[in-house]
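Here the structure is laid out as structure tokens; the discussion comes afterwards.
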Amino acid sequence: MSEVRLRFAPSPTGFLHIGGARTALFNWLLARKEGGKFILRIEDTDVARSTQESVDAILEGMTWLGLDWDEGPFYQSDNFPLYREFVEKLLASGKAYKCYCTVEELEKKRELALAEGRKPKYDGTCRDLKEDRPGVPYVVRFRSPRDGETAFDDLIKGRISFRNEELDDLIIQRTDGTPTYNFTVVIDDATMGITTVIRGDDHINNTPRQIVMYQALGYPVPQFAHVPMILGADKTRLSKRHGATSVMAYRDMGFLPEAVVNYLVRLGWSHGDEEIFSREELIEKFTIEAVGRSAGVFNPDKLLWLNAHYIKAGDPARLAELLLPFLAERGVDPASGPDPVAVVRTLQERSRTMLEMADGAIFYYRPDFEYDGKSVAKFFTPAGRELLEELAAWLGTLTDTGHDSLAALFDGLCAGRGVKMKDVAQPARFALTGGAASPGIYEVIGVLGRDETVRRIRRALDACRS
RNA sequence: GGUCCCAUCGUCUAGCGGUUAGGACACCGGCCUUUCACGUCGGUAACAGGGGUUCAAGUCCCCUUGGGAUCACCA
């Protein structure tokens, strides 16, 4: 019974965003490191704003990142009877009370308090009401202690304490009988036996309110770890203005899940001078205490660098699989050309995203691309054309398109003509790829194959008569 | 406004009283080179300010300043 139990508890009102993913990741890592349980709970008490599409999107995001959960997903909407039970219990013991104040009255008081520069907290009008008012709509409020202080030792931020007078009697059950967030988290975390709550630090102010409820209910208070939020380049909360915030959007932009995981964990956490962490290393080395206390700026450049690293180190066959949808998006049918795995090998070192790789791969599958005039003028000079003619002739007799044999062929051609490698390589590259930048010319020829190579050179020669 | 949190290069960070303040991304140069990249070598760049404590402070304490979060019948 000493195993750690952690949870990720998103509310399904949108996709899984970068910040939520990092919170989930930290929870998952700690659970895996400690050999505990990772529980997924959907906080959908706000029925109006919660959607099934959001639930699906969140699950999809977590799955893509490889964050598997041991229990759940549980839905708070399934627990309404349970919450009701606890409300009754608190009511019966006097730890909660019915409040008949209307929304309008409360709103007025709040505005008045704000106008007078006071803290806009509930004034306790119904706190000591002697009897019920049958038939009158009410909410249930938690009777919060007014003296003393509530403190906790945050695993990340250290000791944090609040004077109880700052806490007001918050609503735990609405007029319509549904429970509210601060109450349901406590009930769920308590009954699910959550030992450590890792969540965004925007919840710090909720923590003391929740702690007094654990105490009133007689449940042990879990440990808390409040992780700092993620900022955009302008140091304001990360939002759509800063670019994509949805985890899945990163997949669609050609990022690898291991790169996103690596980036997210390093944003606010570090282990000496190390930058690259495999999943196994993360599980081994992660500690919640090493998570930084201050907010961090999301840096797309570094994510890109990590992604490039993982593409370079990735298994070509797997990358080829991942490349297919991007190729399809561009109307490219891989069956019409060389083996995608071979293509991937030539592009791994020069692609930062799968999307870039797809763009770089297109020429392999488009035998009929156009040649732009400027480059034609530059490469298809009389001398250039002559070289290409000769190259095509030499290539036509080649039986092996391996690197060494091609190198020998090009060397021979250069020596015979008394030209530099680039004098023949650049026109050839242009004829074969339609551009001035591409993988190594030997690699391109190797992937294209002898016949297609010769065909493309002849086609270029025909198309670019000046 | 109250409460709470935060503060080392542009960015992510190392540092846990004694360091030429280290690494990474980005940026700028050199090298490599058939292009673009990769790689490699080198460079620019930081302790917000002020008081303490101490033989000694980026490291501990306080204040200031500056950021941020939160104060809902949202979560």
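Source: prediction; values computed, not measured. Chain A is the first sequence line, chain B the second, and so forth, proteins listed ahead of strands; every chain is numbered from 1.
Note on A:V297: only backbone sugar-phosphate atoms sit closer than 4.0 angstrom, heavy atoms only; bases stay farther off. Heavy atoms of A:S161 sit under 4.0 angstrom from primed sugar atoms or phosphate atoms, though from no base atom. Counting non-hydrogen atoms under 4.0 angstrom, A:G440 reaches a base of the nucleic acid. Nucleic acid contact for A:P439: base, since at least one base atom lies under 4.0 Å from a heavy atom of the residue. Note on A:N182: a base of the nucleic acid sits closer than 4.0 angstrom, heavy atoms only. Looking at heavy-atom distances under 4.0 Å, A:C101 makes contact with a base. In this structure, A:D168 reaches neither bases nor backbone, as no heavy-atom distance under 4.0 Å exists between it and the strands shown. Residue contacts for A:R293: at a heavy-atom cut-off of 4.0 Å it reaches the sugar-phosphate backbone alone, with no base atom in range. Nucleic acid contact for A:S270: sugar-phosphate only, since backbone atoms but no base atoms lie under 4.0 Å from a heavy atom of the residue. Among the atoms of the strands shown, base atoms are found under 4.0 Å from some heavy atom of A:Y442. Among the atoms of the strands shown, none is found under 4.0 Å from any heavy atom of A:H226. Contacts of A:K312 with the nucleic acid, taken as non-hydrogen atoms under 4.0 Å apart, involve only primed sugar atoms and P, OP1 or OP2. Contact annotation for A:S438: base contact, defined as any heavy-atom pair under 4.0 Å involving a base atom. Nucleic acid contact class of A:I441 (heavy atoms, under 4.0 Å, all strands): base.
Of the N and O atoms on the side chains of A:H309 and A:N262, not one donor lies less than 3.5 Å from an acceptor on the other residue. A side-chain N or O of A:T125 and one of A:K109 form a donor-acceptor pair less than 3.5 Å apart. In this structure, a donor-acceptor pair under 3.5 Å is present between the side chains of A:D188 and A:Y83. In this structure, a donor-acceptor pair under 3.5 Å is present between the side chains of A:R429 and A:S438. Checked by atom type, the side-chain pair A:T433/A:Y364 shows no donor-acceptor distance below 3.5 Å. Side-chain N/O atoms of A:T150 and A:R209 include no donor and acceptor closer than 3.5 Å. Using a 3.5 Å distance cut-off with no hydrogens or angles, the side chains of A:T353 and A:N307 do not pair a donor with an acceptor. For the residue pair A:Q52/A:D56, the side-chain donor-acceptor check at 3.5 Å is satisfied. No hydrogens or angles considered: a donor-acceptor pair under 3.5 Å links the side chains of A:R199 and A:T207. A donor atom on one side chain and an acceptor atom on the other are not found under 3.5 Å apart for A:R22 and A:Y263. With hydrogens and angles left out, the side-chain atoms of A:D169 and A:S144 include no donor and acceptor closer than 3.5 Å.
Of the candidates B:C12, B:C4, B:C73, B:C12 carries the atom nearest the A:K302 side chain, counting heavy atoms from C-beta on. Side-chain atoms of A:E349 lie closest to B:A37 of the nucleotides B:C5, B:C12, B:A37. Among the nucleotides B:C5, B:U3, B:A7, the one closest to the side chain of A:S294 is B:A7. For A:Q426, the listed nucleotide lying nearest its side chain is B:U34; candidates were B:C73, B:A69, B:U34. Here the nucleotide nearest the side chain of A:K157, chosen from B:U3, B:C6, B:C73, is B:C6. The side chain of A:D273 has B:G22 as its nearest neighbour among B:G22, B:A69, B:U11. With B:C73, B:C25, B:U34 as the choices, the nucleotide that has an atom nearest any side-chain atom of A:I171 turns out to be B:C73. Nearest nucleotide to the A:R429 side chain, out of B:C6, B:A37, B:U35: B:U35. Comparing atom distances between the A:K235 side chain and each of B:C38, B:U11, B:C25 picks out B:U11 as nearest. Checking B:C5, B:G23, B:A7 against the side-chain heavy atoms of A:R266 singles out B:G23 as nearest.
Here A:W305 and A:Y310 keep their ring centres 6.0 angstrom or further from each other. Separation of the A:F380 and A:F430 ring centroids falls under the 6.0 Å cut-off. Ring pair A:F363/A:Y365: centre-to-centre distance not below 6.0 Å.
Applying the 6.0 Å contact sphere to CZ of A:R350 captures more than 12 heavy atoms from other residues, nucleotides or ligands.
In this structure, the CG atom of A:D301 is 16 Å from the P atom of B:U13, given to the nearest Å. Spacing between atom CD of A:E443 and atom P of B:C36 amounts to 15 Å, rounded to whole angstrom units. Between A:M421 atom CE and B:C32 atom C1' the separation is 15 Å, expressed in whole Å. Distance, A:N299 CG to B:C27 P: 11 Å, rounded to whole Å. If you measure from atom CH2 of A:W305 to atom P of B:C27, you get 14 Å, rounded to the nearest angstrom.
Look at B:A48: its Watson-Crick or wobble partner, with both distances under 3.5 angstrom, is B:U64. Base pairing of B:U35: no nucleotide in any strand meets the Watson-Crick or G-U wobble criterion (both distances under 3.5 Å). Remark: B:U3 base-pairs with B:A69. Criterion, Watson-Crick or G-U wobble with two distances under 3.5 Å. B:A24 is paired with B:U11 under the criterion used here, namely a Watson-Crick or G-U wobble arrangement in which both key atom distances are under 3.5 Å. If you check B:A57 for Watson-Crick or wobble pairing at under 3.5 angstrom, you find it has no partner at all. As the counterpart of B:U40, B:G30 is assigned, both hydrogen-bonding distances of the Watson-Crick or G-U wobble pattern falling under 3.5 Å.
Atom name P, nucleotides B:C47 and B:U53: the rounded distance is 24 Å, in whole Å. Nucleotides B:G50 and B:A14, compared at atom C1', are 27 Å apart to the nearest Å. If you take atom P in B:C60 and the same atom in B:C5, they sit 16 Å apart, rounded to whole Å. If you take atom P in B:G23 and the same atom in B:C41, they sit 12 Å apart, rounded to whole Å. Distance check on atom C1': B:U8 versus B:A57 gives 14 Å, rounded to whole Å. Spacing of P atoms, B:A21 relative to B:U44, comes out at 14 Å, to the nearest Å. The C1' atoms of B:U65 and B:G49 are separated by 7 Å, rounded to the nearest whole Å. Nucleotides B:C61 and B:A7 have their P atoms positioned 12 Å apart, rounded to a whole Å.
At a non-hydrogen distance threshold of 4.0 Å, nothing from residues 407-420 of chain A comes into contact with RNA chain B. At a non-hydrogen distance threshold of 4.0 Å, nothing from residues 140-156 of chain A comes into contact with RNA chain B.
OP1 or OP2 of B:A75 sits under 4.0 Å from a side-chain N or O of A:T45.
For the pair A:T102 and A:E274, nearest-nucleotide mapping onto RNA chain B gives the more 5' position to A:E274. Place A:R110 and A:H403 on RNA chain B by their nearest nucleotides, and A:H403 ends up nearer the 5' end.
Counting distance only, with no hydrogens placed and no angle test, the side-chain atoms of A:E275 and the base atoms of B:G23 include a donor-acceptor pair under 3.5 Å. Taking only distance into account, the side chain of A:R350 never meets the base of B:C38 through a donor-acceptor pair shorter than 3.5 Å.
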